[in-house]
Amino acid sequence: MLSRRSFSKSICAAPWVLRAQQDALKARVKIDTERTIGDIDPKLYGNFIEHLGRCIDGGVFDEKSSLSDPSGFRRDVLDAAKKLRVTLLRWPGGNFSSNYHWRDGIGPRDQRPPRLEMAWGTVESNRFGTHEFLNYAEKLGAEPYICANLGTGSWEEAQQWVEYCNSSEDTAMTRLRKQNGRSDPWKVTYWGLGNEMDGPWQMGHRSADDYGKFALEAAKLMKWTDGSVKLIAAGSSNFQPGVDWTGWNRTVLEYLKNHADYLSLHMYVGNPQNDFGDFVASSMELSSRIKTAEGIIDAAMSGVRGRKIYIAWDEWNVWYRARGDQQRGRRILEERYNLEDALVVATFLNTFVNHANIVKIANMAQLVNVIAPIFVNEDGLFLQTIYYPLQLFATNTKGKALELFVDAPKYKSRRFDNIPYLDASASYDNGSLVVNVVNRHKDQAIATEFELEDKRFGGPVEITEVNGPDTKAENSFDRALVKPTERSTTAQGKMLRYSFPAHSYTMIRAQLVS
């Protein structure tokens with residue numbers, strides 16, 4: 001998690017019932033299943049838990065709650081997270097990881113040392129540690145992703161954490177693991193080489209040159225311990241004006257191009273100026289940063305044969321209300337999301353799919369309570385608006401990402417020119433087509449013609465729409481104003497006509513035949 005960032009603007013919603021509008025705008029979309037971008041990696045649908053506020057303590061883990069299982073895991077949270085189809089779970093941070101010493105979180109819980117937690121201003125009990133996290137990831141059905149402490153930590157500490165988790169040899173570390181109740185290694189594949197090391201807010205912040213040298217030695221030791229691990233280098237998280245974020249990535253890759261498997265990037269957006277049109281275009285900046293980072297990776301790897309580095313966008317979300325220097329302690333970063341936030345989340349997911357050739361990991365920050373799709377109290381939970389785009393994408397959008405031709409009306413905002421009102425992505429998997437569309441227009445529907453170039457529609461077309469009574473509509477413990485609505489429509493041969501309501505996210509699912 002970062003401390004300070006640049007943000008964006010906001011979006012809106014209207015009736016969630018389909019209404020024909022005589023003055024509706026018009027758009028065309030052409031789809032060719034042979035025009036592919038790349039394979040959609042399931043790890044695009046990852047999430048993140050950090051020892052921050054009530055994300056872990058009081059969120060996924062609450063030993064005192066009657067809603068928890070014998071391990072202390074909240075059953076209702078686990079069930080909601082399973083339905084979110086989380087594929088890759090990142091832990092323990094975030095800023096927290098830069099002063100986390102993993103040996104504090106192993107052994108009998110009652111004997112673990114409480115520590116002053118300086119990233120977010122609490123005392124960390126360490127009752128949720130390595131074993132708890134890996135057991136939770138297993139229950140969730142998600143691959144674990146551990147971020148090593150390259151802030152105040154050492155090379156040896158990172159190496160021994162890999163050994164403790166992954167080694168089958170008879171060593172002091174594996175004996176310690178067995179003593180703590182785990183005989184077989186977990187074989188954790190994904191390991192982060194620190195978090196946001198480019199940020200002055202980070203404990204152990206270094207220059208790009210110093211971080212590159214330090215991370216290289218950690219990477220060598222970690223891969224010598226287990227050659228199968230995949231390492232994620234700490235790329236840019238600081239995009240403030242005047243910061244050379246491209247230079248940071250170039251320098252880091254120069255050191256780590258033979259050892260890192262992914263370059264980590266972070267981005268948060270918000271709508272502090274209540275500018276709907278600009279906010280819903282935030283993903284255009286995300287797309288631009290992906291293209292720039294891809295070029296930097298290609299340049300770094302131009303002389304390297306036989307290996308590829310991909311992008312891991314392992315922190316992203318809408319975050320602007322609950323932030324600032326006052327966000328210290330236990331009840332912090334508890335953002336409440338509305339419909340316009342859900343639309344921005346859907347456009348981010350569209351962007352990841354549209355760059356599926358290079359973006360192979362994405363982790364929304366975070367899972368519960370803290371800028372999260374799931375929000376709990378002592379009695380239960382509710383699903384925030386942003387839950388539904390995540391769930392729909394993770395459940396349905398898989399296989400090959402398709403390159404779409406989209407001809408839609410455009411508009412201009414404070415930061416961007418030529419913003420298409422329709423933001424779209426598509427996937428194709430064994431005859432199943434899924435198209436995700438966000439109508440960025442605040443007030444008007446967009447009547448759209450979809451034309452298949454090489455296939456025909458083979459039956460009814462399923463429609464799932466996320467919308468609400470207005471763009472500021474929120475969910476709460478008492479009511480769910482924003483949630484999916486399902487319906488169906490028909491197509492004729494190669495043609496489908498559909499009108500996307502104002503400020504809506506819609507998923508179209510159809511079977512195609514030759």
Side-chain angles (χ1 to χ4, degrees), residues 1 46-86 89-97 100 102 104-117 119-142 144-147 180-182 317 322 327-337 363-384 386-387 390 475-478:
M1 295 293 306
N47 214 288
F48 173 34
I49 58 173
E50 181 174 1
H51 296 259
L52 192 178
R54 295 191 305 128
C55 180
I56 293 177
D57 188 1
V60 302
F61 182 71
D62 191 343
E63 294 175 280
K64 297 177 182 178
S65 173
S66 62
L67 301 175
S68 296
D69 66 16
S71 298
F73 303 142
R74 280 273 298 249
R75 292 186 180 93
D76 55 344
V77 171
L78 182 60
D79 181 61
K82 283 182 177 179
K83 293 175 182 176
L84 203 54
R85 306 292 179 93
V86 177
L89 191 62
R90 181 173 180 249
W91 170 86
N95 291 352
F96 174 87
S97 65
Y100 178 64
W102 66 269
D104 287 344
I106 60 174
R109 287 181 187 170
D110 292 337
Q111 296 177 24
R112 298 179 192 176
R115 302 287 189 192
L116 183 64
E117 200 289 288
W120 301 107
T122 61
V123 172
E124 172 55 47
S125 71
N126 283 305
R127 296 182 69 82
F128 186 101
T130 298
H131 289 250
E132 287 77 17
F133 168 66
L134 293 173
N135 291 343
Y136 190 78
E138 187 174 14
K139 284 178 179 286
L140 183 57
Y145 164 12
I146 294 177
C147 185
N180 290 328
R182 176 77 182 195
N317 204 344
Q327 296 290 316
R328 306 281 293 169
R330 186 58 64 187
R331 296 294 298 246
I332 60 173
L333 278 63
E334 297 194 355
E335 196 100 351
R336 293 295 185 96
Y337 291 107
N363 299 81
M364 169 174 268
Q366 297 185 14
L367 185 61
V368 189
N369 291 330
V370 171
I371 52 172
I374 302 169
F375 199 90
V376 311
N377 62 17
E378 62 275 9
D379 300 318
L381 61 79
F382 73 90
L383 304 178
Q384 297 229 60
I386 63 172
Y387 182 96
L390 285 167
N475 295 342
S476 68
F477 290 107
D478 300 320

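The chain is numbered in sequence order, starting from 1.
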Trainee: Just so I know, are the side chains of P144 and L89 near enough to count as touching, which here means a heavy-atom distance under 4.5 Å?
Mentor: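 P144 does not reach L89 side chain to side chain.
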
Trainee: Under a 3.5 Å distance rule, please check whether D79 uses its side chain to pair with a backbone N or O of R75 as donor and acceptor.
Mentor: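 Between the backbone of R75 and the side chain of D79 there is no qualifying donor-acceptor contact (under 3.5 Å).
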
Trainee: How long is the span from the CG atom in L52 to the CD atom in Q327, to the nearest 0.5 Å?
Mentor: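 Going from the CG atom of L52 to the CD atom of Q327 covers 9.5 Å.
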
Trainee: Got a second to check how far L333's CG is from I371's CD1, nearest 0.5 Å?
Mentor: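 Going from CG on L333 over to CD1 on I371, the span is 5.5 Å.
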
Trainee: May I have the step-by-step check of side chain to side chain contact (heavy atoms under 4.5 Å, CB included) for D104 and R115, ending in yes or no?
Mentor: CA-CA 9 Å; D104 287 344; R115 302 287 189 192; 3.0 Å; yes

Trainee: Does E124 offer a backbone N or O that forms a donor-acceptor pair with the side chain of T122 under 3.5 Å?
Mentor: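 No.
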
Trainee: Would you say Y387's side chain and A80's backbone share a donor-acceptor pair under 3.5 angstrom?
Mentor: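 Between the backbone of A80 and the side chain of Y387 there is a qualifying donor-acceptor contact (under 3.5 Å).
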
Trainee: Just how far is it from atom CZ of R109 to atom OG of S125, taken to the nearest 0.5 Å?
Mentor: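 Rounded to the nearest 0.5 Å, the CZ-OG separation comes out at 9.5 Å.
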
Trainee: Can a salt bridge be assigned to the pair D110 and R127 using a cut-off of 4.0 Å between side-chain N and carboxylate O?
Mentor: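 Salt bridge present between D110 and R127.
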
Trainee: Heavy atoms only: give me the nearest I56-F128 pair and the separation to one decimal.
Mentor: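 It is CG2-CG, 3.6 Å.
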
Trainee: Indicate whether any N or O donor in one side chain lies under 3.5 Å from an N or O acceptor in the other, for E50 and W120.
Mentor: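 Yes, a side-chain donor-acceptor pair sits under 3.5 Å.
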
Trainee: Using atom types as modelled and distance alone, determine if a side-chain donor or acceptor of E117 lies under 3.5 Å from a backbone N or O of A119.
Mentor: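 Judged by distance alone, yes, a pair lies under 3.5 Å.
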
Trainee: Measuring from atom CD1 of I106 to atom CD of Q111, what distance do you get when rounded to the nearest 0.5 angstrom?
Mentor: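 Atom-to-atom, I106:CD1 and Q111:CD are 11.5 Å apart.
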
Trainee: Under 3.5 Å, side chain of N369 to main-chain N/O of E334, donor-acceptor pair present?
Mentor: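 Not at all, since once roles are kept as given, no pair shorter than 3.5 Å links the two residues.
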
Trainee: Closest approach of N475 and L383, non-hydrogen atoms and distance?
Mentor: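 It is ND2-O, 3.0 Å.
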
Trainee: Could you check whether any side-chain heavy atom of S68 comes within less than 4.5 Å of a side-chain heavy atom of F73, counting everything from C-beta outward?
Mentor: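 No, too far: nothing below the 4.5 Å cut-off.
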
Trainee: Let me confirm one number: the CZ-CD distance from R74 to E378, rounded to the nearest 0.5 Å.
Mentor: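 With rounding to 0.5 Å, CZ (R74) is 8.5 Å from CD (E378).
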
Trainee: Ignoring hydrogens, what is the shortest heavy-atom contact between Y136 and V77? Give both atom names and the distance.
Mentor: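 In this case the closest contact between Y136 and V77 is OH-CG1, 3.9 Å.
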
Trainee: So does D62 get a backbone contact from the side chain of D57, meaning a donor-acceptor N/O pair under 3.5 Å?
Mentor: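 No; judged by distance alone, with no hydrogens or angles, the pair does not exist.
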
Trainee: Given the rule in the ring-ring contact (aromatic ring centres under 6.0 Å, His included) test, do F96 and W91 qualify, once you have shown the distances and angles that lead to the verdict?
Mentor: CA-CA 9 Å; F96 174 87; W91 170 86; 8.1 Å; no

Trainee: Mark yes or no for whether N363, through its side chain, and G46, through its backbone, hold a donor-acceptor pair below 3.5 Å.
Mentor: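 No; zero donor-acceptor contacts below 3.5 Å.
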
Trainee: What heavy-atom pair brings M364 and N47 nearest, and what distance separates the two atoms?
Mentor: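 For M364 versus N47, the nearest heavy atoms are O-OD1, 3.1 Å.
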
Trainee: Hey, are the side chains of N126 and P114 touching, using non-hydrogen atoms and a 4.5 Å cut-off?
Mentor: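 N126 vs P114: side chains apart.
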
Trainee: Quick one: does N317's side chain have a donor or acceptor within less than 3.5 Å of a partner on A365's backbone?
Mentor: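 Indeed, once roles are kept as given, a pair shorter than 3.5 Å links the two residues.
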
Trainee: C147 and R90: side chain to side chain contact (heavy atoms under 4.5 Å, CB included), yes or no, with the steps?
Mentor: CA-CA 7 Å; C147 185; R90 181 173 180 249; 4.1 Å; yes

Trainee: Short question: side chain of R112, backbone of G107 - any donor-acceptor pair under 3.5 Å?
Mentor: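 Looks like yes, one N/O pair under 3.5 Å.
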
Trainee: Between Q384 (side chain) and A372 (backbone), is there a donor-acceptor pair under 3.5 Å?
Mentor: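 Yes, Q384 side chain to A372 backbone: donor-acceptor pair under 3.5 Å.
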
Trainee: Atom OG in S97, atom CD1 in I146: separation rounded to 0.5 Å?
Mentor: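 Nearest 0.5 Å value for the OG-CD1 distance: 11.5 Å.
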
Trainee: Specify the closest pair of heavy atoms between I49 and F133, including all atoms of both residues, with the distance to one decimal.
Mentor: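 That closest heavy-atom pairing would be CD1-CD1, 4.0 Å.
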
Trainee: Walk me through it: do D69 and K139 pass the test side chain to side chain contact (heavy atoms under 4.5 Å, CB included)?
Mentor: CA-CA 12 Å; D69 66 16; K139 284 178 179 286; 4.1 Å; yes

Trainee: For residues V376 and G59, report the shortest heavy-atom separation together with the two atoms involved.
Mentor: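 For V376 versus G59, the nearest heavy atoms are CG2-CA, 4.4 Å.
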
Trainee: Given the ring of F375, does R54 sit roughly above its face, with NZ or CZ under 6.0 Å from the centre of the six-membered ring and within 45° of the axis?
Mentor: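 Here R54 passes the 6.0 Å and 45° test against F375.
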
